[in-house]
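Structure first, commentary second.
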There are 2 protein chains.
Amino acid sequence: MFEIDPKSRTPVYVQIKEQIMLFVQLGLLKPDEQLPSIRELSKQLGINVNTVKRAFSDLEIEGIIYTVAGRGCFISDDAFSNSKIKENALRDLQDSIKSSIAKGISKNDILVLVDELFKEG
Amino acid sequence: MFEIDPKSRTPVYVQIKEQIMLFVQLGLLKPDEQLPSIRELSKQLGINVNTVKRAFSDLEIEGIIYTVAGRGCFISDDAFSNSKIKENALRDLQDSIKSSIAKGISKNDILVLVDELFKEG
DNA sequence: CAACTGTGATATTACATATATCACAGTTAT
DNA sequence: ATAACTGTGATATATGTAATATCACAGTTG
C-alpha cells in the first residue's frame, strides 16, 4: 500500500505523511481504521523506525491520526475538520505557483496540468 | 529592486534566483542588461557575498545569466530558450499540486487560486 | 509470560544553508 | 601604474534538518 521514492528530494517522513493524508482523502483509509505499526511499516519500506515515528507524530499533532498506548495508531474521526492543514496547503501551493510563473510557466500550462492530475486521480 | 524574506522557509539563494527569473519574465531585466555586483547586492540585502554568489553561479549554469571576468554579470540573450528550466518547474509544480490534493485542496480551490494570481500579476 | 504496540532519550552521520575571511585575477578609469 | 571596482576560489565554521542505530521503558493482548 505504501511506497517510498528514495530519489525524491522530499523527505521520507513527509512522503509518508502525504501518502496517509492522500489515502484518507481518497477514502482508502477510513475513520478509526488502524494504521500499520511503525515497526511493521519501517520493515516494509526498508527505513528506520524513527523516520516512521516522525511522520506519525507529526500527523498526530496535526490531528490526522490518534494513538492508543500499546495498541497502535488510527485515523481520526475528524481527520480533516481542522482547517489549519488546508490553509497551510493553500499558502504553500500559492508559493509554488508563483515560483513556477517566475520560470516561464503560463496560466494555460497550469490549467492543463491540473486537468491531467484530476483526470488520473 | 530586490527583497529578501528572512522568515521564509525557502533558502535565501533560491529567493534571489527566483526574483531575477521573475524580473526577466516581467521584462524588468532585459537581455545583456547588467545585474548588480555580488558585493553590492549582498550589501543591499544584508547577507553574505557567498550567498549571492551561489545564486548567480546557479543561474549561470542554468543559462539565465552570463558573467564577464572583471566586469560583472548580465542577463543572457536566450535566458529562457532552454527548456530545462520550464521542464523542472513543471515537475516541481506537479509535486506541489499532488501534495495539496492530499491535504484536501479541491480542483476548484486551485482554479480560483490560479485566477487570482494571474489577475494581480 | 511472550509478543506485540508506542514512547523517550541518546549518539552519530550526512547534507544543505549561510556566514566569515582571505587571496587571486581581470576590467576600468584616473 | 594605481586605485577601485568586477568575479573566482578555497577554507573554516555554525546551524538546522534528515535519517540512522540503539537502548530502555510502559501499555495491550493472547
Side-chain angles (χ1 to χ4, degrees), chain A residues 1-20 29 32-76 88 92 95 99, chain B residues 1-20 29 32-76 88 92 95 99:
Chain A
M1 186 168 183
F2 291 90
E3 273 184 18
I4 289 301
D5 177 11
K7 302 174 193 168
S8 172
R9 305 144 303 291
T10 66
V12 173
Y13 81 94
V14 176
Q15 291 184 46
I16 297 173
K17 286 180 62 179
E18 298 202 332
Q19 276 190 53
I20 291 177
L29 286 174
D32 296 323
E33 184 169 342
Q34 182 164 14
L35 290 160
S37 78
I38 59 176
R39 287 184 177 82
E40 165 65 20
L41 188 51
S42 69
K43 272 187 196 168
Q44 268 187 38
L45 300 176
I47 60 178
N48 193 270
V49 183
N50 298 333
T51 305
V52 181
K53 167 71 176 147
R54 168 72 187 273
F56 279 29
S57 295
D58 272 24
L59 289 173
E60 184 168 26
I61 291 172
E62 291 164 3
I64 308 288
I65 69 177
Y66 65 92
T67 70
V68 180
R71 290 199 51 223
C73 296
F74 305 82
I75 304 295
S76 294
N88 289 337
D92 289 347
D95 287 348
S99 160
Chain B
M1 185 166 185
F2 291 90
E3 272 182 19
I4 290 300
D5 176 11
K7 301 173 193 169
S8 171
R9 305 143 303 289
T10 67
V12 173
Y13 81 94
V14 175
Q15 290 185 45
I16 296 172
K17 288 179 62 180
E18 297 201 333
Q19 276 192 50
I20 291 177
L29 286 174
D32 296 322
E33 184 171 341
Q34 184 164 12
L35 290 161
S37 78
I38 59 176
R39 288 184 178 81
E40 165 66 19
L41 189 50
S42 70
K43 273 187 197 170
Q44 267 186 40
L45 300 177
I47 60 177
N48 194 269
V49 183
N50 298 332
T51 306
V52 181
K53 167 71 175 146
R54 168 72 186 275
F56 280 28
S57 295
D58 272 24
L59 289 172
E60 184 168 27
I61 291 173
E62 291 163 4
I64 308 287
I65 69 176
Y66 65 94
T67 70
V68 181
R71 290 200 52 223
C73 295
F74 305 82
I75 303 296
S76 295
N88 288 338
D92 289 347
D95 287 348
S99 161

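We name chains A, B, ... by the order of the sequence lines, and we start the count at 1 in each one.
Contact annotation for Tyr13(B): backbone-only contact, meaning every heavy-atom pair under 4.0 Å involves sugar-phosphate atoms and none involves a base. Contacts of Val12(A) with the nucleic acid, taken as non-hydrogen atoms under 4.0 Å apart, involve only primed sugar atoms and P, OP1 or OP2.
Nearest-nucleotide positions on DNA chain D place Thr51(A) closer to the 5' end than the other of Gly70(A) and Thr51(A).
Within the 4.5 Å cutoff, side-chain heavy atoms of Ile47(A) are placed close to those of Ile16(A). Counting only heavy atoms from C-beta outward, the side chains of Asp58(A) and Arg54(A) approach each other to under 4.5 Å. With contacts defined as side-chain heavy-atom distances shorter than 4.5 Å, the pair Ser76(A)/Ile64(A) does not qualify.
As a whole-Å value, the separation of Leu41(B) CG from dT19(C) P is 12 Å. The interatomic distance linking Ile61(B) (CD1) with dT8(D) (P) rounds to 11 Å, in whole Å. The nearest whole Å value for the distance from the CD1 atom in Ile16(A) to the C1' atom in dA19(D) is 11 Å. When rounded to the nearest whole Å, the span between CZ of Arg39(B) and P of dC5(D) equals 10 Å. The distance between atom CG of Asn50(B) and atom P of dA23(C), rounded to the nearest whole Å, is 15 Å. Rounding to whole angstrom units, CZ of residue Arg54(A) and P of dT17(D) are separated by 8 Å. Rounded to whole Å, atom P of dT6(D) lies 11 Å from atom CZ of Phe74(B). Whole-Å rounding puts the Asn48(A) CG to dT10(C) P distance at 17 Å.
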**Q.** Check against side-chain contact (heavy atoms from CB on, under 4.5 Å), Phe56(A) and Ile20(A)
**A.** CA-CA 9 Å; Phe56(A) 279 29; Ile20(A) 291 177; 3.6 Å; yes
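Out of dT8(D), dT7(C), dA19(D), the shortest distance to the side chain of Glu60(A) is found at dT7(C). Taking only side-chain atoms of Ser37(B), from C-beta outward, the nucleotide of dT28(C), dG26(C), dT6(D) with the closest atom is dT6(D).
The side chain of Thr67(A) places an N or O atom within less than 4.0 Å of a non-bridging phosphate oxygen (OP1 or OP2) of dT7(C). Not one side-chain nitrogen or oxygen of Lys53(A) sits closer than 4.0 Å to the OP1 or OP2 atom of dG6(C). Here Arg71(A) does not reach the OP1 or OP2 of dG27(D): none of its side-chain N or O atoms lies under 4.0 Å away.
Between the side chains of Gln44(B) and Glu40(B), at least one donor-acceptor pair of N or O atoms lies under 3.5 Å.
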